[in-house]
Enquirer: 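One structure is given below, represented as structure tokens, and several questions about it will come after.
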Amino acid sequence: MNSSQVRKVFLDFFKSKAHQIVPSAPMVVKGDPTLMFTNAGMNQFKDIFLGNTKPEFLRAADTQKCLRVSGKHNDLEEVGRDTYHHTMFEMLGNWSFGDYFKKEAIAWAWELLTEVYGIDKESLYVTVFGGDKADGMEADMEAYNYWKALIPEERILYGSKKDNFWEMGESGPCGPCSEIHIDIRSAEEKKTLPGKELVNKDHPEVIEIWNLVFIEFNRLANGSLEALPARHIDTGMGFERLSMVMQGVKSNYDTDIFVPIINEVAKMAGVTYGKNEARDIALRVVADHLRAITFAIADGQLPSNNGAGYVIRRILRRAVRYGYTFLNFDEPFIYKLVSLLAKQMGDVFPELNSQKTLIEQVIKEEETAFLRTLAQGIKKFEAYFKENPNVKEIDGEFAFELFDTFGFPIDLTNLMASEKGVSVDMAGFEKGLQQQKERSRKAAVKTTDDWIELLPDTETTFVGYDTLETEAQIVKYRKVATKKKTVFEVVLDKTPFYAESGGQVGDRGELVAGNETLHVVDTKKENNLIVHLVAEEPKAVNDVYTAKVNAEKRLLTTNNHSATHLMHAALRKVLGTHVEQKGSLVSADRLRFDFSHFSKMSDEEIKQVEDIVNNKIRENLPGIIKQNIAIDEAKAMGAMALFGEKYGDKVRVVTFDPDYSVELCGGTHVKATGQIGLFKIVSESGIAAGVRRIEAVTGKNAEKFVDEQIALLKSIKAQFKNANNVLGAVTHLIEENSKLHKEMEKLLAEKSAGLADNLIDKAEKIGEAAFIGTKVDLDVNSAKKLANQLRSRGEKVLVVLALEEKGKVNLIIALSDELVKSGLHAGTIIREAAKFINGGGGGQPHLATAGGKNADGIGRAIAAVKKVLEA
RNA sequence: GGGGGAUUAGCUCAGUUGGCUAGAGCGUUUGACUGGCAGUCAAGAGGUCAUCGGUUCGAUUCCGAUAUUCUCCA
């Protein structure tokens, strides 16, 4: 059975059990501060489990693209070393939201595996939760009994809290779970050691394939458990592992999901898979990471230097590192594999095809940048050896510096060290790493208290599209403390505050009850919940508050948001329909828009975009907003949807002229475009390969921008006596200036040559040497130049020049090379001489300077220098 | 969010106890050689040493702040 069929059979099976088949959510998570990537199938249903959202259907199933880079079994550094761990994988899952529970979940899982997929019952084992004394929980006998009806009891094993009790986080919904494991070893091996001995023992051929989670508790911040009103089912089955079982191979990497990619990489590297363990690992790493990076970029997550983007960058770099070390790729190669992957999976995940060019460009750019980083690290490494030629062991501190500051991987340091026959002080390296971890942990301490619920089971109504002020009551609130500050998160039953989303920043404002005023410093969305971040602790928690949005900021933000839509449409008109939003920030004072485009925008293109947008503003187009439109209908209207965004079945559509701009958007918008006033692009720049950024201003801020430019031009004009042709005047001035500059340099050179001749003529003979000591009327730099000239005019010349300006005195001493060789040092001499002018100084053997305040001492200083020759 | 780096010519980068008139390669301009191109040689242009402040006789170099960026940890 090929992998496409494996996927299809799963979905068809649950469809037949009355499940709604839903599309995969984006792999990159938005609107959940606790999570950067979707790491399990249940993520997109988290709101439902938390009770923030009511489900649209009671049963669902899907295949979900997931990404894991850390966790108990998912250290990034382990991926590729074995045959079954991945960064990116698909999770097949089925769910019940307060509908069926353990009995059906268990029965259906068994039916699907044994009857539909036809897996041998003898090779399956199941585990159930065995209880936990510390938590006061009994073993899950309910699950045990349902299993007993299907499978012999000796195949049912009790598991620990670690393996068989699932938790979402430190607090929140949780419950016992039941795992299905499969033993794919050969019959002989099974005879020697029964499979039950190997369950949960990290054996590569006795593995978990399906986890059934029974969500029935809520864990509070103090660690205690309470029963949930509605019980849910959450299951997850690894698609790649299942495919492996169905294809009768021993490794995920031997399935039709990976084989074509591995073969292609092997071909490019000129090697064969299966011949050399180190190279095989590298091939698996590249194949696995290619998928993770490609899907992440397709979902809109570009590699960057922090947060989710940084995780993507690290994965990509790991692939480059393995390719570089074990497959001898010393130039970008991963980007060349994107086509193949797109061809292979583009049917199920169409975003791979539509974003292909961008993905390739971004990956290539990242590869190039990292290869440069490696080259720099190697240079540093070589420099270290030059300085410490006889070391036997590389300093751990240096290895850590290479890694920490310059991003040079420690395993490459090790490799290069062993090539030179030396070792690396790994203990010292680990120490540095631990210290850094400790620092970070200290800085990131955040304590979140339990919600204090005042109005249970109340959903928030958002009224902010129509009004900026309303009466509201607190539904729940809690304290969140970090090292630096403490804020209170407040949820209201009704709110005009817009929570940050779709690039538009959260509203600010205040909550007022009696003489209590709470300042709302930001509004955020957490799992679909509108959370007001309030600076003060609410006191009158049971009273009715007046919730007031800062109207001025909101108005400016709204103008900017509508302008963003107008600009997005204009960009597609001017540059082409390959322009897609890659990021957006809409605040009160500006808008920032990142989009895919492959070259710098010309001045004309920028002007065209501005013109189109300003025309649309003057047309005073009405903003037509339709709520609750079915997604298909919205698409029929020509609405632009964004990859990497999760849309429900019902969407909100914002239109400015149905033939111009139609977008899916939850933000606030103007009633008519005229109120935007004016639109000006302030800057256009590149932020990554294939991605450009525009920053623009509207309304008052745009006027201010234009005013400033005009004022600047005016003052320039004024400088030129209001010449008609300022540009010509400036050009002329610059040319004139450089001409004069050259002439002056020439004249000065002639003058100082003349002066030099003069001084040489007047030089005093002292023994074989010539002494020149005089006051000159030059600036310090010219005097230095002069002194330099003089000292090369004869074989033994000693020059002292003194200059005086505004009460400050400078001395310059220069010596011919011959004198330097005979042991004289201008720096030493000048330190003595400087005493006479109440100053200090120093310099090199042949040229030194000093400064002081006592002009009366010049004569004595010169005399003192002369004595050096006389001695 | 925390730590550590970096910022020098259009690009990639040198520039260690603070002191040479701030350099190299590539690119660019001009000229010469060749029938043309490619190429070779020669000459030249191009720098507020990120910004602001401080220490100093003197700061690209040391210190502080800001901006941008890289990197590691969370």
Side-chain angles (χ1 to χ4, degrees), chain A residues 33-34 36 69-70 76 303-311 313-314 317 366 368-377 379-380 383 386-387 397-410 429-430 432-446 480-485 683 685-688 693 738 741-742 745 748-749 752 779-789 791-792 802-805 808-815 817 820 825-828 830-831 833-854 861:
Chain A
T34 65
M36 289 194 286
V69 288
S70 58
L76 176 61
S304 75
N305 66 341
N306 52 35
Y310 190 59
V311 174
R313 176 169 283 173
R314 259 171 53 205
R317 292 188 165 190
E366 276 292 314
T368 310
F370 184 54
L371 288 168
R372 207 155 50 214
T373 301
L374 288 183
Q376 257 163 1
K379 224 155 102 183
K380 282 246 178 255
K386 231 177 185 174
E387 272 175 39
E397 215 170 296
F398 172 70
F400 182 68
E401 186 197 1
L402 267 184
F403 167 76
D404 179 61
T405 304
F406 300 99
F408 198 73
I410 184 66
F429 174 83
E430 288 296 336
L433 194 63
Q434 284 310 321
Q435 279 169 354
Q436 157 141 248
K437 284 188 179 179
E438 195 49 44
R439 265 198 308 272
S440 295
R441 223 170 274 137
K442 264 194 191 148
V445 171
K446 181 176 164 185
V480 176
T482 57
K483 205 171 106 191
K484 280 190 179 155
K485 59 177 181 185
S683 75
S685 59
I687 57 163
R693 166 172 293 177
S738 95
H741 200 77
K742 272 180 198 157
E745 269 186 359
L748 278 178
S752 68
D779 64 283
V780 179
N781 266 330
S782 318
K784 261 190 183 168
K785 281 185 188 171
L786 178 62
N788 238 322
Q789 279 185 18
R791 78 177 193 91
S792 47
L803 30 128
E804 187 187 345
E805 197 190 6
K808 286 178 85 178
V809 184
N810 282 293
L811 288 181
I812 294 157
I813 296 182
L815 302 173
D817 292 339
V820 173
H825 193 293
T828 326
I830 209 160
R831 259 188 281 277
K835 287 177 183 166
F836 295 103
I837 54 165
N838 290 350
Q844 304 136 280
H846 67 277
L847 183 81
T849 58
K853 288 176 202 116
N854 180 18

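Lettering of chains follows the sequences in order, A, B, ..., and the numbering in each one begins at 1.
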Enquirer: Should B:G46 form a Watson-Crick or G-U wobble pair with both distances under 3.5 Å, which nucleotide is its partner?
Expert: none
Enquirer: I'd like to check A:F406 versus A:K380 (side-chain heavy atoms, cut-off strictly below 4.5 Å). Are they in contact?
Expert: yes
Enquirer: Produce the list of close N/O pairs, under 3.5 Å, pairing protein atoms with atoms of nucleotides 68-71 of chain B; give distances to one decimal.
Expert:
{"from": "B:C70", "atom 1": "OP2", "to": "A:N305", "atom 2": "ND2", "distance (Å)": "3.1"}
{"from": "B:U71", "atom 1": "OP1", "to": "A:R317", "atom 2": "NH1", "distance (Å)": "2.4"}
{"from": "B:U71", "atom 1": "OP1", "to": "A:R317", "atom 2": "NH2", "distance (Å)": "2.3"}
{"from": "B:U71", "atom 1": "OP2", "to": "A:R313", "atom 2": "NH1", "distance (Å)": "2.4"}
{"from": "B:U71", "atom 1": "O3'", "to": "A:Y310", "atom 2": "OH", "distance (Å)": "3.4"}
{"from": "B:U71", "atom 1": "O2'", "to": "A:F403", "atom 2": "O", "distance (Å)": "3.4"}
{"from": "B:U71", "atom 1": "O2'", "to": "A:D404", "atom 2": "O", "distance (Å)": "2.3"}
{"from": "B:U71", "atom 1": "O2'", "to": "A:G407", "atom 2": "N", "distance (Å)": "3.3"}

Enquirer: Between B:G64 and B:U71, how many Å separate the two P atoms, rounded to a whole number?
Expert: 24 Å
Enquirer: Quick one: the side chain of A:E401 and the base of B:G4, do they pair up donor-acceptor inside 3.5 Å?
Expert: no
Enquirer: Between the protein and nucleotides 21-24 of chain B, are there any N/O to N/O pairs under 3.5 Å, and if so, what are the atom names and distances?
Expert:
{"from": "B:U21", "atom 1": "OP1", "to": "A:N788", "atom 2": "ND2", "distance (Å)": "2.7"}

Enquirer: Rounded to the nearest 0.5 Å, what separation is found between the CG atom of A:L433 and the CG atom of A:D404?
Expert: 8.5 Å
Enquirer: Would you say that A:F400 contacts A:T405 through its side chain, given a criterion of any heavy-atom pair below 4.5 Å between the two side chains?
Expert: no
Enquirer: Looking only at non-hydrogen atoms, find the nearest pair between A:L847 and A:A787 and report the distance.
Expert: CD1-CB, 4.2 Å
Enquirer: What's the gap between B:G31 and B:U48 when it is taken at their P atoms, as a whole Å value?
Expert: 28 Å
Enquirer: For A:K835 and B:C57, give me the distance from atom NZ to atom P, rounded to whole Å.
Expert: 15 Å
Enquirer: Side chains of A:L374 and A:L371: does their closest heavy-atom pair fall under 4.5 Å?
Expert: yes
Enquirer: Taking all non-hydrogen atoms of both residues into account, name the closest pair between A:A826 and A:H846 and its distance.
Expert: CB-C, 4.0 Å
Enquirer: Return the minimal non-hydrogen interatomic distance between A:L811 and A:I830, and the atom names on each side.
Expert: O-CD1, 3.6 Å
Enquirer: At their closest point, which heavy atom of A:A861 faces which heavy atom of A:F836, and how far apart are they?
Expert: CA-CD1, 3.8 Å
Enquirer: Which nucleotide, in any strand shown, forms a Watson-Crick or G-U wobble pair with B:G36, with both distances under 3.5 Å?
Expert: none
Enquirer: Partners of A:R831 by side chain to side chain donor-acceptor pair (under 3.5 Å), sequence neighbours excluded?
Expert: none
Enquirer: Write down the atom of A:K853, the atom of A:V809, and the distance for their closest heavy-atom approach.
Expert: C-CG2, 4.2 Å
Enquirer: Does B:U60 pair with anything, Watson-Crick or G-U wobble, both distances under 3.5 Å, and if so, with which nucleotide?
Expert: none
Enquirer: Looking across every strand, which nucleic acid part, if any, lies under 4.0 Å from A:G842 by heavy atom: base, sugar-phosphate, or nothing?
Expert: base
Enquirer: If I pick the P atom on B:U66 and the same atom on B:G1, what distance separates them, to the nearest angstrom?
Expert: 14 Å
Enquirer: Considering only the P atoms, how many Å lie between B:A24 and B:G44, rounded to the nearest integer?
Expert: 12 Å
Enquirer: Could you check A:R441 against A:G843 and say which one's nearest nucleotide on RNA chain B is further toward the 5' end?
Expert: A:G843
Enquirer: Given the P atoms of B:U28 and B:G10, what is the spacing between them in whole Å?
Expert: 15 Å
Enquirer: Could you identify the nucleotide paired to B:G10, looking across every strand shown and requiring Watson-Crick or G-U wobble geometry with both distances under 3.5 Å?
Expert: B:C26
Enquirer: Which pairs, protein N/O on one side and nucleotides 11-17 of chain B N/O on the other, fall under 3.5 Å?
Expert:
{"from": "B:C13", "atom 1": "OP1", "to": "A:Q376", "atom 2": "NE2", "distance (Å)": "3.0"}

Enquirer: Restricting to non-hydrogen atoms, name the atom on A:T373 and the atom on A:G407 that form the minimum distance, rounded to 0.1 Å.
Expert: CG2-O, 4.3 Å
Enquirer: Who is the Watson-Crick or G-U wobble partner of B:U17, with both distances under 3.5 Å?
Expert: none
Enquirer: Under a 3.5 Å cut-off for both distances, is B:U69 Watson-Crick or wobble paired, and to whom?
Expert: B:G5
Enquirer: Show me the protein contacts with nucleotides 61-63 of chain B, counting only N or O atoms at under 3.5 Å.
Expert:
none

Enquirer: Start at the 5' end of RNA chain B and walk down; is the nucleotide closest to A:R831 or to A:G839 reached first?
Expert: A:R831
Enquirer: For nucleotides B:A6 and B:C63, find the distance between their P atoms and express it as a whole number of Å.
Expert: 10 Å
Enquirer: What residues, two or more places apart in sequence or in another chain, satisfy side chain to side chain donor-acceptor pair (under 3.5 Å) together with A:R317?
Expert: none
Enquirer: Rounding to an integer number of angstrom, what distance separates B:U17 and B:C13 when you compare their C1' atoms?
Expert: 24 Å
Enquirer: Quick one, A:I812 with A:L803, criterion side-chain contact (heavy atoms from CB on, under 4.5 Å). Give me CA distance, side-chain angles, the key distance, then yes/no.
Expert: CA-CA 9 Å; A:I812 294 157; A:L803 30 128; 4.2 Å; yes
